[in-house]
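Below, read A as the first sequence line, B as the second, and so on, with proteins coming before strands; counting in each chain starts at 1.
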Amino acid sequence: MKRPLTLTTRARGSPVRAYRSASASPETRWQAPERQSTAVSTNPPAAGARASPAPARHAVQASLMSLVESHVRSDWRGSPSPLLLRLGEPIDSRLCRHVIRGYTSQGKHLHSVFVFIQMQRVGVRPDSFTFAPVLKSVARLCLREMGRSVHAYAAKANVDGDVYVGTSLVNLYSGCMLIGDAHKVFDEMGERNSVSWNALITGYTHNRKFAEALDLFREMQADGVELTEVTMVGALSACAHLGALSLGKWIHEYIDCYGLCLNEFLGTALVDMYAKCGAVMEMEKVFITMRAKNVYTWNALISGFAMNGHGEAALQAFSRMIMENLKPDGVTFLGILCACCHEGLVDEGKKYFRIMKEEFGLRPGIEHYGCMVDLLGQAGLFSEALHLVQNMDLKPDPIIWRTLLGACRTHRNVPLGRYAARKLLELEPTNAENYVLLSNIYAQDSMWDEIAQLRAVMNQRGIAKVAGCSSIEIGNVVYEFVASDCLKPEVRDLLDDIRKELKQMGYAANTGLALYDIEEEEKESSVAFHSEKIALAFGLMKSPPGSTIRIVKNLRVCQDCHVFFKLVSLVYKRKISLRDRNQFHHFAGGSCSCRDHW
DNA sequence: ATAGGGTTAG
């Protein structure tokens, strides 16, 4: 320990405080798919083990036997196993506990749950050493109702006060996307430790409630609970998603000061945090100092380069990874294809798409096809893109069609845009973004009738646009702006001044992308106060001269804002980094790292 | 003995 470092000194203005609400958080991009909670399933995992309402003791023994035997055959290839050795003994709680723990630790979660159910049936009472692993398995399987009933059973057995069982319950509910229940369990726990806190914090990050996760992180620190590597992994993940660079840096400093172990998990979380905060230099620095690296670490680095517009660096990292004998996986190639996309490297992209299959034996998923469609589409190779969509061995998902639609917008391809939009709206009729994209295509060609029709359909279906929302971090406080916000007069005035100044440089508001056919002047004001412009004006006002202005936006940046930002970076001699829904835009000296490709 | 962790298209 070199010197004390506390978070409480910064509590007042800490980033999480400034978040108004989680739902308005400027972050929708790095989304994990919603985990589906399965209905309760008490079906046995192996044939011949189907449970009758009240099976005789020997029948259960036989089911266990067949389960274990099938395991021996499929997994252990005949080598003796601890599970098998115990089978001669009568069924008691010791045997069951042993079997359940074995299954859970091997990831055989259904087996674990099954044995637990059988225990209940024969009346063998589980103890806290049985509840913890079985709860873990139930959590992994997302069995909501099953989880609730195991919880009730644990309460009945009077083991729910156990810190291990309690922590398992927190993990269970957050794994089932029931974070409110997880928090309730946590609040009611008589005994808590660092692990319980970690379970709740990572629970919040897995449930995409990042600001709340950071609130808890602060609370944990204020309570004097030890912050471990696992705590930091969860907190860093929340920082990454929110773009909370200063808190991320604070955590990095804490790790150094307190000598936390920069293992694969923590190092990867740090690399990813810097990547998603647009701090590419820091990302590389961390990566270089790491001693233990695995494929996750390399993937975070590669996709970090890609999303920040350093496509060449991503490709170089890939070669180094291969030279160091690491096996790339599907995520690696996703980063690589994404890098090719952002760089417009069509032939390279095709090459990697091919070698991924031929040299590495990886089957491309829908997300890899998505990258290829984007790559071809943004390069204007529409027939190739369409051919790929129509001939891939996976059913095109809404994202595929939306990608194609986006390419049609870039290249003003109305006919194909109509087609893609029709396919898209069949699959996903309630997503406002789809209508906005199509209307943008129409607007470029002044097709106001079509836009009016589209608008009528939207109204009829009750679809509202997602509000644009941008955030900016200044002095450890994250400020959020929504496009429809009532502006503070000084921000509005500054924005007016900037626009006047930029107009002298030849800037004309690009109103073609406004959704509605409205008066020219109104259109200008609707794009004039996009949330990122407000955040930019605020940043120019409040941040120290010469410092980089970092903004995070929940949607893709519009063309007008993109031009506006480029000019501001030139006229005001400021570096600006804008994280949009898809990628970073690093503006400096009048140009953008995305090279106007997005 | 039992609990908590990182990367992933547009």
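- Nucleotide B/dA3 holds its P atom 13 Å from the CD1 atom of A/Ile100, rounded to whole Å.
- With sequence neighbours left out, A/Phe129 forms a ring-ring contact (aromatic ring centres under 6.0 Å, His included) with no residue at all.
- Residue A/His368 places no side-chain N or O under 4.0 Å from the OP1 or OP2 atom of B/dG10.
- Between A/Lys276 and B/dG6, a side-chain N or O to OP1/OP2 separation shorter than 4.0 Å is absent.
- Put simply, CD on A/Glu367 is 15 Å from P on B/dT7, counting in whole angstrom units.
- Using a 4.0 Å heavy-atom cutoff across all strands shown, A/Asp127 reaches no nucleic acid atom at all.
- Looking at A/Asn193, its side chain comes within 3.5 Å of the base of B/dA3 through a donor and an acceptor atom.
- Aromatic rings from A/Phe287 and A/Tyr274 are positioned such that their centres are separated by 6.0 Å or more.
- When heavy atoms are screened at a 4.0 angstrom cut-off, A/Asn434 is found touching no nucleic acid atom at all.
- Aromatic ring centres of A/Phe333 and A/Phe360 lie closer together than 6.0 Å.
- Of the listed nucleotides (B/dA9, B/dG5, B/dA3), B/dA9 has the atom at the smallest distance from the side chain of A/Cys371.
- Here the C1' atom of nucleotide B/dT8 and the CZ atom of A/Arg363 are 17 Å apart, to the nearest Å.
- Residue contacts shown for A/Thr231 are absent, as no nucleic acid heavy atom lies under 4.0 Å away.
- If you take CG of A/Leu301 and P of B/dT7, they are 14 Å apart, rounded to a whole angstrom.
- The distance from atom CG of A/Asn263 to atom C1' of B/dG6 is 9 Å, rounded to the nearest whole Å.
- Here A/Ile366 lies in heavy-atom contact (under 4.0 Å) with a base.
- Atoms CG (A/Leu172) and P (B/dA3) sit 14 Å apart, rounded to a whole Å.
- Judged as a ring-ring contact (aromatic ring centres under 6.0 Å, His included), and not counting sequence neighbours, the contacts of A/His411 are A/Phe382.
- A/Leu376 has its CG atom 13 Å from the P atom of B/dG10, to the nearest Å.
- In this structure, A/Arg409 places its CZ atom 11 Å from C1' of B/dG10, rounding to the nearest Å.
- Contact annotation for A/Ser128: base contact, defined as any heavy-atom pair under 4.0 Å involving a base atom.
- Counting only distance, with no hydrogens or angles, the side chain of A/Glu229 and the backbone of A/Cys261 share a donor-acceptor pair below 3.5 Å.
- Among pairs with a residue in residues 334-345 of chain A, those fulfilling side chain to side chain donor-acceptor pair (under 3.5 Å) read A/Glu343-A/Arg595, at least two apart in sequence or across chains.
- Residue A/Phe129 places its side chain closer to B/dT2 than to any other of B/dG6, B/dT7, B/dT2.
- The listed nucleotides are B/dA9, B/dT8, B/dG10; the one nearest the side chain of A/Arg556 is B/dG10.
- The stretch residues 416-426 of chain A does not touch DNA chain B, since none of its heavy atoms comes less than 4.0 Å from the strand.
- Classification of A/Asp181 and A/Lys184 as a salt-bridged pair fails, no side-chain N sitting under 4.0 Å from a carboxylate O.
- Nucleic acid contact for A/Leu334: sugar-phosphate only, since backbone atoms but no base atoms lie under 4.0 Å from a heavy atom of the residue.
- Residue-to-nucleotide contacts include no donor-acceptor pair under 3.5 Å from the side chain of A/Thr403 to the base of B/dG10.
- Sorted by first and then second residue, the pairs that involve residues 387-406 of chain A and meet side chain to side chain donor-acceptor pair (under 3.5 Å), not counting sequence neighbours, are A/Tyr369-A/Asp393, A/His387-A/Asn391, A/Gln390-A/Tyr419, A/Arg402-A/Glu428, A/Arg402-A/Asn434.
- Between the side chain of A/Asn299 and the base of B/dG6, no donor-acceptor pair under 3.5 Å is found.
- Residue A/Asp329 is out of contact with every strand shown, counting any heavy-atom pair closer than 4.0 Å.
- Across all strands shown, A/Arg97 has heavy atoms under 4.0 Å from base atoms, whether or not it also approaches the sugar-phosphate.
- When the nucleotides B/dG6, B/dG5, B/dT8 are ranked by their closest atom to the side chain of A/Thr297, B/dG6 comes out on top.
- By the criterion of a centre-to-centre distance under 5.5 Å and near-parallel planes under 30°, the ring of A/Tyr164 forms no stack with the base of B/dA3.
- Judged as a ring-ring contact (aromatic ring centres under 6.0 Å, His included), and not counting sequence neighbours, the contacts of A/His151 are A/Tyr173.
- Across all strands, A/Thr332 comes closer than 4.0 Å to no nucleic acid atom at all (heavy-atom distances).
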